[in-house]
There are 2 protein chains.
Amino acid sequence: MIQKTPTGTVLYTIEQTIKEYRKICQRNIQKIADDITVDQCLVLIILNDNTTISQIDIAKLIFKDNASVTRIIELMVKKDYLTRETDELDKRKSKLIITEKGKKTIVLLAPVFKLNRKTALNGLSLDEIELLDKILHKIISNCKTS
Amino acid sequence: MIQKTPTGTVLYTIEQTIKEYRKICQRNIQKIADDITVDQCLVLIILNDNTTISQIDIAKLIFKDNASVTRIIELMVKKDYLTRETDELDKRKSKLIITEKGKKTIVLLAPVFKLNRKTALNGLSLDEIELLDKILHKIISNCKTS
DNA sequence: ATTATTTATTTGATATATCAAGTATATTTA
DNA sequence: TAAATATACTTGATATATCAAATAAATAAT
C-alpha cells in the first residue's frame, strides 16, 4: 500500500505535510505563550473576528467535532483565555468572551501565524498555491460525495 | 494568500482534506472489520510487507510518535490482530507477528485501500497528482529546515 | 397548550498525538 | 571490564478526535 508512485503515497504525504506544519506552528507559538496550543489559538482568533459565533460554527470553521470544541473551550476557560456565560436570548448557547489575557495573546500571535504561513509556503508561486488549493478541494469533494 | 475561511489559508485546506479522506477510509474499513481503525490497518499492512520491522521504523513510515505506535500495537494485540514476543537477538525489541485473524483482515483490506485512493483521487490527472506531491514535499522541507 | 422534533451543547468511552521521563538492553569508550 | 552513552520501547500526563448517547432549550406540529 505504501507505494513509490505519488498515486499510492500522495494521501500520506498530505498527512505528513500537515503534521510538519503543526509542529512549526506549535514551536513558534510556545515562544510567545507556553500554555496554549495551536487549536486553542485558532479558536481565539476566530472569536476575535466573530464575537457572537456559536460553538457549532467554530467547529465547522476549524473542521472539528462539536465535542472537541467543547473541550478546547473548557481548557481555555480554565487557563483564563475566555469566560463563558449563558446566552440569555437562546439558553442552549454560550456567550464566549475573550479575557484580557486572551486579548494580549492575540496581539502577540498575529505575526506568528503570518510567519508560520510564510515559512511553510516559502518558494511557492501564487499559481502553485492556487493549484494546490484547487486540487485539495477536488479531493475533499470526491470524499464528501462518495 | 487564499482566505477561504477566517483563519484560513491553503494550510487549513490540507488539514480538511486529510480529515475527509480519513473519514471515508474509516467508513469503508468498518464495512469489513468493525473493531479496527485506519491507523491499525496501516500497521497491519506495513507488518505484512516487512515482517521484521521495528516499532521505531513503523513510526517513521506512518509519521507517528513511538509512544503512539506502542499503544496502537497494544490494542492490536488485545484484539488478536497481532502477537508480540521479545526478540531474542536484541531483547530491547519486540517481534510482531500477524495472527490468523490479522491475515484474513489484510486480504479483505487490500481492495478497500485501493478503492479509497481511487475515490479520493477521482478526476485528477497523473500530472496533477505529481504536482500535488511535489508542492507538498516542498512545504514539508520548508517546515523541516525552518 | 401539549407533544414531537430540532438544535446547541455536554458527557462518556475509546483512540491517537506529543512531550518528557523511565526502564532495560546493547554498544562504545576510557 | 567498568562506566558512559545510545537504542528500543514503555509509561504518565495532557490535548485532541470521533461516535453515540444524554440534556436542555427552542421550534414546529397536532
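- A:Thr37 comes within 4.0 angstrom of the backbone, heavy atoms only, and of no base.
- Both A:Asp39 and A:Leu89 lie close to DNA chain D; mapped to their nearest nucleotides by heavy-atom distance, the more 5′-ward contact belongs to A:Asp39.
- The nucleotide range of DNA chain C contacted by chain B, defined by atoms under 4.0 angstrom from heavy atoms of the protein and reported 5' to 3', is C:dA15 to C:dA26.
- Contact annotation for B:Thr70: base contact, defined as any heavy-atom pair under 4.0 Å involving a base atom.
- Residue A:Lys64 is in sugar-phosphate contact alone, with no base atom involved, counting any heavy-atom pair closer than 4.0 Å across all strands shown.
- Cation-pi geometry between A:Lys19 and B:Phe63 is not met: the NZ or CZ atom fails to fall both under 6.0 Å from the ring centre and inside 45° of the normal.
- Nearest-nucleotide assignment on DNA chain D puts the 5′-proximal partner with B:Glu15, out of B:Glu15 and A:Asp87.
- In this structure, the CZ atom of B:Arg84 is 12 Å from the C1' atom of D:dA8, given to the nearest Å.
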Hey, mind stepping through A:Arg71 and A:Asp39 against salt bridge (charged side-chain N to carboxylate O under 4.0 Å, His left out) and telling me if it holds? CA-CA 11 Å; A:Arg71 280 153 189 153; A:Asp39 294 313; over 6 Å; no
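- With salt bridges taken as basic N to acidic carboxylate O contacts below 4.0 Å, none links A:Asp65 and A:Lys60.
- When all heavy atoms of A:Glu128 and A:Gly123 are compared, the closest pair comes out as OE1-O, 4.1 Å.
- From A:Leu11, atom CG reaches atom CZ of B:Arg22 across 11.5 Å, with rounding to the nearest 0.5 Å.
- When the salt bridge (charged side-chain N to carboxylate O under 4.0 Å, His left out) test is applied to A:Lys95, no partner is found at least two apart in sequence or on another chain.
- Across all strands, B:Asp65 comes closer than 4.0 Å to base atoms (heavy-atom distances).
- A:Asp87 pairs by the salt bridge (charged side-chain N to carboxylate O under 4.0 Å, His left out) definition with nothing, not counting sequence neighbours.
- Considering only side-chain N and O atoms, B:Gln26 lies nowhere under 4.0 angstrom from the phosphate OP1 or OP2 of D:dC19.
- Remark: C1' of D:dT23 and NZ of A:Lys91 are 15 Å apart, rounded to the nearest angstrom.
- Where A:Glu74 and B:Glu88 each meet DNA chain C at their nearest nucleotide, the meeting point lying more 5' is that of A:Glu74.
- Heavy-atom nearest nucleotides on DNA chain C were determined for A:Ile56 and for B:Val38, and the one closer to the 5' end corresponds to A:Ile56.
- Within the 4.0 angstrom heavy-atom criterion, no nucleotide atom of any strand lies near A:Lys78.
- One can place CG of B:Asp35 at 16 Å from C1' of D:dC19, the figure rounded to the nearest angstrom.
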